[in-house]
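Reckoned from all heavy atoms, side chains included, excluding hydrogens, waters and symmetry mates.
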Amino acid sequence: MPTAKPRKTTKAAKKPATRKTAKRTAAQGRVAKPIADSGAKPGKASAAKAEVGDKPVFAYIKSLPKTQRAIAERIDAIAAKALPDLQRSVKWGMAFYGVGNGWSFSCGGFADHVKVTFLHGTALTPVPPVGTAKYTRGIDLASVADIDDAQLASWMKQASSRPGLGAKKR
């Protein structure tokens with residue numbers, strides 16, 4: 001009865017195999033792609049460049065799809081009216097707002113909604129409905145009709161009265 005010869009091991013054989021990315025079959029469907037003509041991405045913030053000032057925020061808002069742009073413009077107008085010393089910035093792909101003691105809330109366009117997030121959301125009254133992290137809360141808005149101007153202005157004022165993101169510690 002013949003016996004099998006032992007295989008010689010080489011240096012190449014000792015290297016761990018590298019993984020190749022599997023191609024998706026037609027049955028598995030396609031990977032979701034961002035909306036081509038917008039700055040919005042499914043479940044992610046845009047790739048807008050981080051800059052401080054009104055101009056980059058207005059450019060970011062202008063880059064959003066029409067429906068989301070209308071929502072973001074309304075949120076920006078409410079913030080400007082509610083907070084006379086309003087400061088704007090683009091950070092992490094979305095608009096951030098504050099009044100001198102750090103950034104206190106953000107507004108970002110996503111695939112099918114605009115999210116307004118309050119950094120100290122759990123301390124607001126009433127607490128905004130959408131939990132995004134341990135202390136942040138916010139609201140998802142799918143249309144301009146979803147906006148409650150008075151409630152958003154109240155949350156903006158409350159959030160801005162607390163030290164925000166980037167505030168200097170005393």
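Residues Val130 and Ile75 are members of separate hydrophobic clusters, defined by side-chain heavy-atom contacts under 4.5 angstrom among Ile, Leu, Val, Met, Phe, Trp and Tyr. Criterion: ILVMFWY side-chain heavy atoms under 4.5 Å apart, direct or through other members. Under it, Trp92 and Tyr97 are part of a common hydrophobic cluster.
The two residues Met94 and Gly108 have their closest heavy-atom pair at CB-CA, 3.7 Å. Here the shortest heavy-atom pairing between Ala72 and Leu64 reads CB-CD1, 3.7 Å. Across every non-hydrogen atom of Gly138 and Pro128, the tightest pair is O-CB, 3.4 Å.
Rounding to the nearest 0.5 angstrom, the gap separating the CG atom in Leu124 from the OG atom in Ser104 is 9.5 Å. Separation of atoms CD1 (Ile71) and CD1 (Ile61) is listed at 11.5 Å; rounding is to 0.5 Å. Here Gln151 contributes atom CD and Ile139 contributes atom CD1; the two are 8.0 Å apart, rounded to the nearest 0.5 Å. Distance check, rounded to the nearest 0.5 Å: CG of Asp85 to OG of Ser160 gives 10.0 Å. The structure places CZ of Arg74 at 9.0 Å from CG of Leu152, a figure rounded to the nearest 0.5 Å. The distance from the CZ atom of Arg137 to the CH2 atom of Trp155 is 12.0 Å, given to the nearest 0.5 Å.
Within the 3.5 Å criterion, the main-chain N or O of Ala142 finds no donor-acceptor partner in the side chain of Asp112. Judged by distance alone, the side chain of Gln158 and the main-chain N or O of Thr125 form a donor-acceptor pair under 3.5 Å. Between the side chain of Ser154 and the backbone N or O of Ala150, no donor-acceptor pair lies under 3.5 Å.
Contact of the Phe105 side chain with the Leu83 side chain is registered, since non-hydrogen atoms from C-beta on lie closer than 4.5 Å. Using a 4.5 Å heavy-atom cutoff, the side chains of Val144 and Asp146 are not in contact. Here the side chains of Phe96 and Gln87 are not in contact, with every heavy-atom distance at 4.5 Å or above. Residues Ile147 and Ile78 have side chains in contact (heavy-atom distance under 4.5 Å, counting atoms from C-beta outward). Proximity of Val57 to Glu51: side-chain heavy atoms (C-beta onward) are nowhere separated by under 4.5 Å.
Under the side-chain contact (heavy atoms from CB on, under 4.5 Å) criterion, Ala80 pairs with Leu86, Arg88, not counting sequence neighbours. Take Arg69 and apply the salt bridge (Lys or Arg N to Asp or Glu O under 4.0 Å) test, not counting sequence neighbours, and it matches no residue.
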With a 3.5 Å cut-off and sequence neighbours excluded, list the donor-acceptor pairs that the side chains of residues 113-121 form with protein atoms.
residue	atom	partner	partner atom	Å
Lys115	NZ	Asp140	OD1	2.7
His120	NE2	Pro163	O	2.7

